[in-house]
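The structure appears right after this line, and notes come after that.
Both backbone and side-chain heavy atoms feed into the values below; hydrogens, waters and symmetry mates do not. Below, read A as the first sequence line, B as the second, and so on, with proteins coming before strands; counting in each chain starts at 1. Keep in mind that what you see is a predicted model, and the values were worked out from it rather than measured.
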Protein chains: 2
Amino acid sequence: MTTTDGDTASVSIQDMSKISGLSEATLRYYEKIGLIGPVPRDESSGHRRYGGHAVERIEALGCLRATGMSVQDMRDYLRFLDGNGDGGDGNATRMRELFERNVSRIQEEIERMHVRRRYLELKAQLWSARERGDAEGENRIVPEVARAREGLR
Amino acid sequence: MTTTDGDTASVSIQDMSKISGLSEATLRYYEKIGLIGPVPRDESSGHRRYGGHAVERIEALGCLRATGMSVQDMRDYLRFLDGNGDGGDGNATRMRELFERNVSRIQEEIERMHVRRRYLELKAQLWSARERGDAEGENRIVPEVARAREGLR
DNA sequence: CGTTTGACCTCAAGCGCTTCAGGTGGGAGA
DNA sequence: TCTCCCACCTGAAGCGCTTGAGGTCAAACG
């Protein structure tokens, strides 16, 4: 997985993908848009070789991406990590704020998901009633669907 | 909001957007990909005029889209509605299955969201500890972050 | 020693929209 | 009547990736 040449470990894109959970295509894409990189290449083959420093950063990015964090927030995260957000200790505050914002974002998404589930459950029930030819059940569900629809933003 | 000419109500794209919750751009896009339409136009201005039949369908699509349903499932939904899924009563079954699949999809998403929230909360706490210079708190949180990370797919 | 395999490369297109740029028709006010 | 504005139009580009086509390099196999 890693090769030691001198003191620097070097990781292939495939391994970097396994480590970070980001697809190889995404790794190339992140490099292209300047979120990571430029990644050094193997002399003869031209293949990417991720060095120890990069590996840790990209592993972290994998986690953040997995939470649905925006590319801009990932950029800020790296900037704060490197101490170029403000200088000094203000960056811990920026980091906290960044994560708190994202917690709120997820929280709101969860709440919206519950509403959506409710709506879809009722729709499933409605068609289930129709499937059985249960006209009465159908009539009971229709107004509930209408109510659930209101919550769907 | 609606104009009566004869017996057909005609709705502008702006109003259709308000009714359905889909943006004007999305309405044009759905037409372009053949999910809806073609929508009749006003003779002189060339503006879209949605007729009563289309209005109901698009309103329904708005709800489905709001739940995150895929374009393909929306296509199937319309097909089953029109009775071209199978013929006869098999379509109620198809509809039920379609909605049940989507309930499961949402359910899984909700579960993943909880894991993500947990991870982000811990990260926020970690940086909060650093912000306060609380090295001890930091040490308590680090292993928890590591554990939460495992769940992130 | 030629060939096959596999990991990797780049470039282009597609997905589901959103946003933007540039243009038209028609009604209202000066 | 002239002009302004508003609602609408089309087409193209952007976002964050994913998928696919077509080509290179190096180690392994017959």
Side-chain angles (χ1 to χ4, degrees), chain A residues 1-3 5 10-51 54 58 61-78 102 105 109 153, chain B residues 1-3 5 10-51 54 58 61-78 102 105 109 153:
Chain A
M1 192 165 249
T2 60
T3 312
D5 43 66
S10 89
V11 175
S12 72
I13 195 171
Q14 185 175 99
D15 291 338
M16 190 67 255
S17 170
K18 283 174 190 153
I19 291 167
S20 65
L22 299 167
S23 74
E24 299 180 22
T26 301
L27 288 170
R28 294 192 194 100
Y29 173 71
Y30 281 178
E31 190 179 340
K32 184 178 164 195
I33 63 170
L35 182 56
I36 58 180
V39 178
R41 306 304 183 100
D42 176 282
E43 272 297 291
S44 56
S45 68
H47 293 187
R48 273 163 259 252
R49 297 295 169 218
Y50 296 86
I58 295 171
L61 288 189
C63 293
L64 302 189
R65 211 281 304 237
T67 69
M69 186 177 282
S70 72
V71 168
Q72 185 54 55
D73 275 355
M74 292 198 274
R75 264 187 227 279
D76 288 345
Y77 172 83
L78 293 178
N102 278 275
R105 194 202 78 229
E109 282 181 37
R153 87 165 345 255
Chain B
M1 192 167 250
T2 59
T3 313
D5 43 62
S10 85
V11 175
S12 70
I13 196 171
Q14 184 175 98
D15 291 337
M16 191 66 255
S17 169
K18 283 174 190 153
I19 291 168
S20 65
L22 299 167
S23 73
E24 299 181 22
T26 300
L27 289 169
R28 294 191 194 102
Y29 173 71
Y30 281 176
E31 191 178 341
K32 184 177 164 193
I33 64 170
L35 182 57
I36 57 179
V39 178
R41 308 302 185 101
D42 178 282
E43 272 299 289
S44 55
S45 67
H47 292 186
R48 272 164 260 252
R49 297 294 168 222
Y50 297 86
I58 296 171
L61 288 188
C63 292
L64 302 188
R65 213 280 304 239
T67 69
M69 186 175 283
S70 72
V71 168
Q72 185 53 57
D73 275 353
M74 291 197 278
R75 263 187 228 279
D76 289 345
Y77 173 83
L78 293 178
N102 278 274
R105 195 202 79 229
E109 281 181 39
R153 92 158 342 257

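When side chains are defined from C-beta on, B/R48 does not count as touching B/M16, because their heavy atoms never get closer than 4.5 Å. Annotation: side chain of A/L35 is in contact with side chain of A/L78 (closest heavy-atom distance under 4.5 Å).
The distance from atom CD of A/Q14 to atom C1' of C/dC8 is 10 Å, rounded to the nearest whole Å. Note: CD (A/E24) to P (C/dT10) measures 12 Å, nearest angstrom. Rounded to a whole Å, the CZ atom of A/R28 is 8 Å from the P atom of C/dC8. Taking atom CZ on A/R75 and atom C1' on D/dC15, their separation rounds to 12 Å, with Å as the unit. Rounded to whole Å, atom P of C/dA7 lies 8 Å from atom NZ of A/K18. Atom CG of B/D15 is separated from atom C1' of D/dC6 by 14 Å (rounded to the nearest Å). Note: CG (A/L22) to P (D/dC17) measures 8 Å, nearest angstrom.
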I'd like to know whether B/I33 forms a side-chain contact (heavy atoms from CB on, under 4.5 Å) with B/R75, so could you lay out the CA-CA distance, the side-chain angles of the two residues, the decisive distance to 0.1 Å, and finally the verdict.
CA-CA 11 Å; B/I33 64 170; B/R75 263 187 228 279; 4.0 Å; yes
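Summarising the geometry, atom OG1 belonging to A/T26 is positioned 12.5 Å from atom CD belonging to A/E31; distances are rounded to the nearest 0.5 Å. We find the CG-CD1 distance between B/L22 and B/I36 to be 8.0 Å, quoted to the nearest 0.5 Å.
The stretch residues 30-50 of chain B touches DNA chain C through B/Y30, B/S44, B/S45, each having a heavy atom under 4.0 angstrom from the strand.
Close to C/dG16, at under 4.0 Å from its OP1 or OP2, lies no side-chain N or O of B/T26. Listed pair B/R65 / C/dG16 fails the phosphate criterion, with no side-chain N or O lying under 4.0 Å from OP1 or OP2. Residue A/S23 places at least one side-chain N or O under 4.0 Å from the OP1 or OP2 atom of D/dT18.
A/L27 and A/S20 make their closest contact through CD2-OG, 4.4 Å (heavy atoms, listed as atom of the first residue, atom of the second, distance).
Test B/H47, B/R49, B/K18, B/R28 against B/I13 for side chain to side chain contact (heavy atoms under 4.5 Å, CB included) and you get one pass: B/R28.
In this structure, A/Y29 and B/I13 both approach DNA chain D, and ranking their closest nucleotides by distance from the 5' end singles out B/I13.
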